There are 2 protein chains.
Amino acid sequence: MDVREEILKAAARLYCETGFRGTTTRGIAREAGVNEVTVFRHFGSKEALLREAIGRQWGGGGCGPLALESRGDPLAELQEWAKGMTGGLRQMAPLIRTRLGEFEEHPEIVPPRGSPPAQAAEMLTRYLEELRSAGVARADFDARMAAAMLMAALFADGIVRDGLPDMFHENIDSSIEEYVRIFLRGLGVAA
Amino acid sequence: MDVREEILKAAARLYCETGFRGTTTRGIAREAGVNEVTVFRHFGSKEALLREAIGRQWGGGGCGPLALESRGDPLAELQEWAKGMTGGLRQMAPLIRTRLGEFEEHPEIVPPRGSPPAQAAEMLTRYLEELRSAGVARADFDARMAAAMLMAALFADGIVRDGLPDMFHENIDSSIEEYVRIFLRGLGVAA
DNA sequence: CACAATCGCAAGCGGGTGCTTGCACGGGGG
DNA sequence: CCCCCGTGCAAGCACCCGCTTGCGATTGTG
């Protein structure tokens, strides 16, 4: 495979495990099966390499196939959507956790706008507004706040669960279903 | 003030900003206004120092005064409780974010059991069970999952908000109130 | 006063870090 | 055939890391 690609993959992998400081150009080279000099010849500096390696799979690993369109059963379709979302989050959890601990120190690595969770929250907001204008949900809630609430719950479950296991029920799918059930009831959607 | 205390405070401060690898014994000494040798004379090693410095304020900064007892208005008292919880979380946010990014690499720094969020979730679980047995809430929800949901929403809002600002409504208190309102409605508590 | 404890200062040790330089090798295209 | 481009290899530079040692100054206590 392409040498450049191999270096990028190794860099992203190591960054998830050990963060910016812990990721070594020597380590990246070893992991990619490449001489350290080659790394610098391709990317110039460690920072430029990590910016490209992380930026690409920060934008790419989002909620691509997660469409959200009313098909009659809000509970079922939102539960399915939430499970997909949580699955995607859990897949990116190590990267997100590491980024979360370093975004103050290295804000330049990733574009702050339009991150996948924010896009998903926006999509969810529109969906909730559709539910409301269709008369399925009650009228007196803030769609953006409500969307943020469900997103926050899914986000924390997907990201924090590994670190605080005694806070969550061990069955992930059941938990997600219950979250969505409570959430939709809270918006006045009959269950 | 006590030299030992000054070193511990400096170590905790630096750890929040730069993590385990980024925190330097030279930096701690400079920040504490102390010679680097003194740091080692007091704590022996960097790891022992950080373990003590972080362990203490990991257990200490929790939800101490946050009692939760039914006084008639579940919405108001749970909103107040949630605001206090979020405030405490936001105060510890840098530490929590850093810990979250490193708990796989340095699990020894902090006792994994009985963390403040887990204690709060337990307290909330009991409160919800009281609401249910008092007939205020409906009967068909899992109290532990429900508690985890609200805790997760508060947790993510308090911890992630700074890193994903476009996902949340800018008014924190209004957001928390709306979260709790939706949540209690979801449990069948009349609002 | 004598003693012990605590601290600062200067220096250093072995090792790791990002990054550079010089040179040799191999294979593909003119 | 030759040349050039991408790569490997060995070495090194200046710096930072955790941690240690030796010694002198200060301070409080018997």
Side-chain angles (χ1 to χ4, degrees), chain A residues 1-56 94-95 98-99 101-110, chain B residues 1-56 94-95 98-99 101-110:
Chain A
M1 191 180 294
D2 195 7
V3 176
R4 188 183 175 88
E5 203 67 22
E6 215 65 31
I7 295 176
L8 283 170
K9 278 166 45 184
R13 205 162 45 229
L14 284 183
Y15 176 83
C16 292
E17 297 172 2
T18 53
F20 187 91
R21 277 199 174 78
T23 302
T24 303
T25 55
R26 283 176 172 82
I28 295 173
R30 182 175 2 101
E31 196 82 359
V34 151
N35 194 283
E36 189 186 2
V37 192
T38 305
V39 173
F40 285 96
R41 281 200 268 247
H42 271 278
F43 299 94
S45 74
K46 167 184 170 180
E47 184 187 329
L49 164 57
L50 283 183
R51 178 154 38 202
E52 184 167 341
I54 296 157
R56 61 151 60 181
L95 173 61
T98 304
R99 263 310 294 162
E102 293 188 345
F103 83 90
E104 292 173 307
E105 201 181 351
H106 296 282
E108 73 283 357
I109 278 190
V110 88
Chain B
M1 191 181 293
D2 195 8
V3 176
R4 189 183 174 89
E5 203 68 20
E6 215 64 31
I7 296 175
L8 283 169
K9 280 166 45 184
R13 204 163 45 230
L14 284 182
Y15 177 84
C16 292
E17 297 172 2
T18 54
F20 188 91
R21 275 197 176 79
T23 303
T24 303
T25 55
R26 283 176 173 84
I28 295 173
R30 183 175 1 101
E31 195 82 0
V34 151
N35 195 283
E36 190 186 1
V37 193
T38 305
V39 173
F40 285 96
R41 281 200 268 246
H42 270 278
F43 299 93
S45 75
K46 168 183 169 180
E47 184 188 328
L49 163 59
L50 283 182
R51 178 154 39 200
E52 184 168 341
I54 297 156
R56 63 151 58 181
L95 173 61
T98 305
R99 264 308 294 163
E102 293 188 344
F103 83 92
E104 292 173 305
E105 201 180 349
H106 297 281
E108 72 284 355
I109 278 191
V110 88

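Note on naming: letters A, B, ... go to the chains in the order of the sequence lines (proteins, then strands), and numbering restarts at 1 for each one. The structure displayed is predicted, hence computed values, not measured ones.
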Partners meeting salt bridge (charged side-chain N to carboxylate O under 4.0 Å, His left out) with [X] (sequence neighbours left out):
X	value
B/Arg30	none
B/Glu17	none
B/Arg41	none
B/Arg26	B/Glu36

query = Any salt bridge between A/Glu47 and A/Arg51, counting N to O under 4.0 Å?
reply = yes
ask   = Is A/Arg56 salt-bridged to A/Glu5, going by a charged N under 4.0 Å from an acidic O?
value = yes
request  = Go through the structure and list residues passing side chain to side chain contact (heavy atoms under 4.5 Å, CB included) with B/Thr98, not counting sequence neighbours.
outcome  = B/Tyr15, B/Glu102
task = Kindly indicate, with the supporting measurements, whether the criterion salt bridge (Lys or Arg N to Asp or Glu O under 4.0 Å) is fulfilled by A/Glu105 and A/Arg21.
result = CA-CA 11 Å; A/Glu105 201 181 351; A/Arg21 277 199 174 78; 2.2 Å; yes
request  = Using chain A heavy atoms and a threshold of under 4.0 Å, write down where along DNA chain C the contacts begin and end, 5' to 3'.
outcome  = C/dT17 to C/dT21
query = How would you list all residue pairs meeting ring-ring contact (aromatic ring centres under 6.0 Å, His included) that involve residues 18-47 of chain B, not counting sequence neighbours?
reply = B/Phe20-B/His106
key: Residue pair B/Val34, B/Glu6: steps toward the side-chain contact (heavy atoms from CB on, under 4.5 Å) verdict   = CA-CA 9 Å; B/Val34 151; B/Glu6 215 64 31; 5.6 Å; no
task = Report, as a single string ordered 5' to 3', how protein heavy atoms within less than 4.0 Å touch nucleotides 11-28 of chain D: B base, S sugar-phosphate only, - not at all.
result = -B----BBBBB-------
note = Taking five pairs at each terminus, the helix from C/dC1-D/dG30 to C/dG30-D/dC1 shows an axis bend, to 10°, of 10°
